[in-house]
A.B. asks: 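Quick one: this structure, given as structure tokens, is what I'll be asking you about.
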Amino acid sequence: MSALRRKFGDDYQVVTTSSSGSGFNQAAPKRKRQRFVDKNGRCNVQHGNLGSETSRYLSDLFTTLVDLKWRWNLFIFILTYTVAWLFMASMWWVIAYMRGDLNKAHDENYTPCVANVYNFPSAFLFFIETEATIGYGFRYITDKCPEGIILFLFQSILGSIVDAFLIGCMFIKMSQPKKRAETLMFSEHAVISMRDGKLTLMFRVGNLRNSHMVSAQIRCKLLKSRQTPEGEFLPLDQLELDVGFSTGADQLFLVSPLTICHMIDAKSPFYELSQRSMQTEQFEIVVILEGIVETTGMTCQARTSYTEDEVLWGHRFFPVISLEEGFFKVDYSQFHATFEVPTAPYSVKEQEDMLLMSSPLIAPAVNNSKEKNNSVGCLDSLEDISTKMPLKLQKITGREDLPRKLLRMSSTTSEKAYSMGDLPMKLQRISSVPGNSEEKLVIKTTRMISDPISQSIADLPPKLQRLSGGRMDGNLPPKLRKMNSDRFT
């Protein structure tokens with residue numbers, strides 16, 4: 001039986017081979033982890049099999065030249081000027097040759113097209129003096145050569161175009177803000193630990209220069225292979241990691257080193273990531289920091305990435321800022337340093353499941369809500385009946401808000417009764433003795449209802465007290481009894 005375990009991105013591979021009677025374990029080296037983005041920010045992507053699409057590079061020739069490496073830029077720069085100079089010098093030599101100026105150059109009575117041009121080197125020197133506006137005064141064009149005047153104008157226009165193109169290309173390449181990214185630092189490792197009571201993925205960024213990054217913004221992408229429910233395999237699926245976009249925490253004031261945080265919650269791609277599963281996971285976190293260079297006003301972008309073996313579980317960064325006399329000091333020697341902190345090895349999903357399992361049962365709460373709704377319905381019907389009574393009877397009782405008080409009493413009592421389900425069994429048996437709670441509640445409720453009614457009747461005039469002393473409907477006048485019976489029928 002042979003088992004081959006391969007993990008894309010590890011620096012090793014373990015080959016285990018066993019058979020009946022003999023077996024051995026062999027650890028063989030494996031190729032280095034293939035990253036999508038290097039630590040220095042270079043993207044490991046090569047475009048191949050373009051075919052006819054390579055002509056698109058010529059349509060944007062200026063950008064193509066700027067993107068070339070320095071050795072190719074210098075080669076094109078020197079080659080272009082050399083070819084242009086030789087071509088224009090040849091044109092001046094051809095004019096002198098066709099006019100016969102080369103043979104009559106020393107004749108004082110003859111006026112050549114260009115004075116003191118005897119051969120090709122002298123024609124080349126004349127072109128260089130004219131192009132560079134040196135003007136030694138020994139070689140000059142005369143007014144007896146209209147073709148020389150036209151070539152002189154063409155030389156001036158062509159030279160300006162070549163200078164603008166090549167010098168502009170070199171200037172932009174030298175002033176590119178890529179080198180500014182060299183002074184933007186990222187921590188070598190990312191860490192996962194608790195912060196503000198939540199499991200958090202953290203890494204650190206810093207700026208080595210005193211000049212600031214204006215409007216600095218940071219973004220994070222998670223690159224992870226996955227398969228869709230339809231069976232499609234996505235080798236480098238990009239997922240967004242929230243580093244404070246909703247709260248504005250992704251807008252950085254990068255004066256001192258900052259710790260960037262990604263809260264792991266139900267919306268995070270790391271919701272099910274634990275310390276154990278991280279050993280088998282394959283992912284890469286790409287960090288992109290963008291901002292405007294304060295000195296040049298050009299946009300700069302710095303990139304780095306963290307693979308799964310560069311994320312430390314249960315670690316935290318050392319503090320690097322200390323208060324000195326009159327200023328804050330940043331100790332960059334501790335920029336990459338981390339230390340271990342107690343962190344549960346479980347994922348956020350596992351922690352929520354364990355918390356849910358340890359919480360009290362919620363079934364009694366559901367039954368309680370149903371019984372509360374029934375009591376509320378009964379009291380609502382009681383309130384509807386009381387509102388149907390004549391206004392005089394409502395004034396006689398003087399307790400128009402009685403149903404609401406009953407509702408509050410019943411809800412409070414039911415909450416107390418249902419909360420006994422969370423008590424130990426011994427206390428529940430004591431509290432469930434017959435006549436201990438329910439009878440007292442009924443007696444207390446009846447006493448609360450009867451006392452205010454009797455008190456309100458005692459405050460009435462003697463004639464109304466006699467009317468309300470017996471049965472309410474029997475002592476009413478005939479007109480009120482008829483009105484009352486019509487309301488309830």
A.B. asks: Measure the spacing between CD of E240 and SG of C220 and express it to the nearest 0.5 Å.
C.D. replies: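 Result: 8.0 Å between the selected atoms.
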
A.B. asks: Would you please indicate if the ring centroids of Y306 and F186 are separated by under 6.0 Å?
C.D. replies: no

A.B. asks: Relative to each other, are the rings of F165 and F62 parallel, tilted or perpendicular (30° and 60° limits)?
C.D. replies: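 Ring orientation of F165 relative to F62: perpendicular.
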
A.B. asks: Roughly how far apart are T338 OG1 and F203 CZ, rounded to 0.5 Å?
C.D. replies: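 If we round to the nearest 0.5 Å, T338:OG1 and F203:CZ are 15.5 Å apart.
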
A.B. asks: Does atom CZ of F328 have more than 12 heavy-atom neighbours from other groups under 6.0 Å away?
C.D. replies: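 Not more than 12 within 6.0 Å, no.
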
A.B. asks: Using atom types as modelled and distance alone, determine if a side-chain donor or acceptor of D38 lies under 3.5 Å from a backbone N or O of G41.
C.D. replies: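 No: the side chain of D38 does not pair with the backbone of G41.
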
A.B. asks: Hey, is the main chain of C113 close enough, under 3.5 Å, to the side chain of D101 for a donor-acceptor pair?
C.D. replies: yes

A.B. asks: When you check the side-chain N and O atoms of E352 and Y271, is any donor under 3.5 Å from an acceptor?
C.D. replies: yes

A.B. asks: Which pair of heavy atoms, one from K173 and one from V66, lies closest together, and at what distance?
C.D. replies: NZ-O, 2.9 Å

A.B. asks: Is it the case that over 12 heavy atoms from other parts of the model lie below 6.0 angstrom from the CZ atom of F77?
C.D. replies: yes

A.B. asks: Do S122 and N119 have side-chain atoms, one donor and one acceptor, less than 3.5 Å apart?
C.D. replies: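 Short answer, yes.
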
A.B. asks: Could you report the tightest heavy-atom contact between L273 and W313, atom names first, then the distance?
C.D. replies: O-CH2, 3.7 Å

A.B. asks: Can you say whether the rings of W72 and F75 are parallel (under 30°), tilted (30 to 60°) or perpendicular (over 60°)?
C.D. replies: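 Answer is perpendicular, since the angle exceeds 60°.
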
A.B. asks: Just by distance, do the side chain of E294 and the backbone of H212 share a donor-acceptor pair under 3.5 Å?
C.D. replies: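 Yes; judged by distance alone, with no hydrogens or angles, the pair exists.
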
A.B. asks: Tell me the closest heavy-atom pair linking S187 and F317, and the distance in Å.
C.D. replies: OG-CZ, 3.6 Å

A.B. asks: To check you understand the geometry: which heavy-atom pair defines the closest contact between R99 and Y110, and what is its length?
C.D. replies: O-OH, 3.4 Å

A.B. asks: So, H262 and T200: side-chain donor and acceptor under 3.5 Å apart, yes or no?
C.D. replies: no

A.B. asks: On a heavy-atom basis, which atom in T130 and which in F126 lie closest, and how many Å separate them?
C.D. replies: OG1-O, 2.8 Å

A.B. asks: What pair of heavy atoms forms the shortest contact from L223 to V286, and how long is it?
C.D. replies: CD1-CG2, 3.6 Å

A.B. asks: Between the side chains of N44 and R42, does any donor sit under 3.5 Å from an acceptor?
C.D. replies: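 Their side chains do contain a donor-acceptor pair, which is all the 3.5 Å distance test asks for.
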
A.B. asks: So, are D237 and K224 salt-bridged, with charged N and O less than 4.0 Å apart?
C.D. replies: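 No.
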
A.B. asks: Of V243, N207, I218, which is the lone residue that meets side chain to side chain contact (heavy atoms under 4.5 Å, CB included) with L252?
C.D. replies: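 Of V243, N207, I218, side chain to side chain contact (heavy atoms under 4.5 Å, CB included) with L252 is met by I218 alone.
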
A.B. asks: How far does CG of L222 sit from CG of L201, to the nearest 0.5 angstrom?
C.D. replies: 9.5 Å

A.B. asks: Could you tell me whether E310 and K39 make a salt bridge, using a distance below 4.0 angstrom between a side-chain N and a carboxylate O?
C.D. replies: yes

A.B. asks: Taking 4.0 angstrom as the limit, do E188 and R204 come out as a salt bridge?
C.D. replies: no

A.B. asks: Looking just at side-chain N and O atoms, do D60 and T63 make a donor-acceptor pair shorter than 3.5 Å?
C.D. replies: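 Yes.
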
A.B. asks: Could you give me the CA-CA distance, side-chain angles and deciding distance for E290 and M213, then say whether side chain to side chain contact (heavy atoms under 4.5 Å, CB included) is met?
C.D. replies: CA-CA 8 Å; E290 292 180 340; M213 292 289 294; over 6 Å; no

A.B. asks: Among side-chain atoms of Q217 and R219, is any donor-acceptor pair under 3.5 angstrom?
C.D. replies: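 No pair is found: no donor N or O on one side chain lies under 3.5 Å from an acceptor on the other.
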
A.B. asks: Between T183 (side chain only) and R209 (backbone N and O only), is there a donor and an acceptor less than 3.5 Å apart?
C.D. replies: no

A.B. asks: Would you give the length of the straight line joining atom CG of N116 to atom OH of Y118, rounded to the nearest 0.5 angstrom?
C.D. replies: 4.0 Å

A.B. asks: With rounding to the nearest 0.5 Å, note down the distance linking OG1 in T304 to CG in N40.
C.D. replies: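 The OG1 atom of T304 sits 8.0 Å away from the CG atom of N40.
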
A.B. asks: Just verifying a value: how many Å separate I128 CD1 and F124 CZ, rounded to the nearest 0.5 Å?
C.D. replies: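 Spacing of CD1 (I128) from CZ (F124) equals 4.0 Å.
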
A.B. asks: Check the pair K349 / S274 against side chain to side chain contact (heavy atoms under 4.5 Å, CB included), numbers first and verdict last.
C.D. replies: CA-CA 9 Å; K349 185 177 185 300; S274 63; over 6 Å; no

A.B. asks: Is a side-chain donor-acceptor pair under 3.5 Å present for D163 with Y81?
C.D. replies: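 The criterion, which ignores hydrogens and geometry beyond distance, is satisfied for D163 and Y81.
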
A.B. asks: Scan side-chain atoms only and decide if S305 and E284 contain a donor-acceptor pair under the 3.5 Å cut-off.
C.D. replies: yes

A.B. asks: If we ignore hydrogens and angles and just use 3.5 Å, is the side chain of D242 paired with the main-chain N or O of F245 as donor and acceptor?
C.D. replies: yes

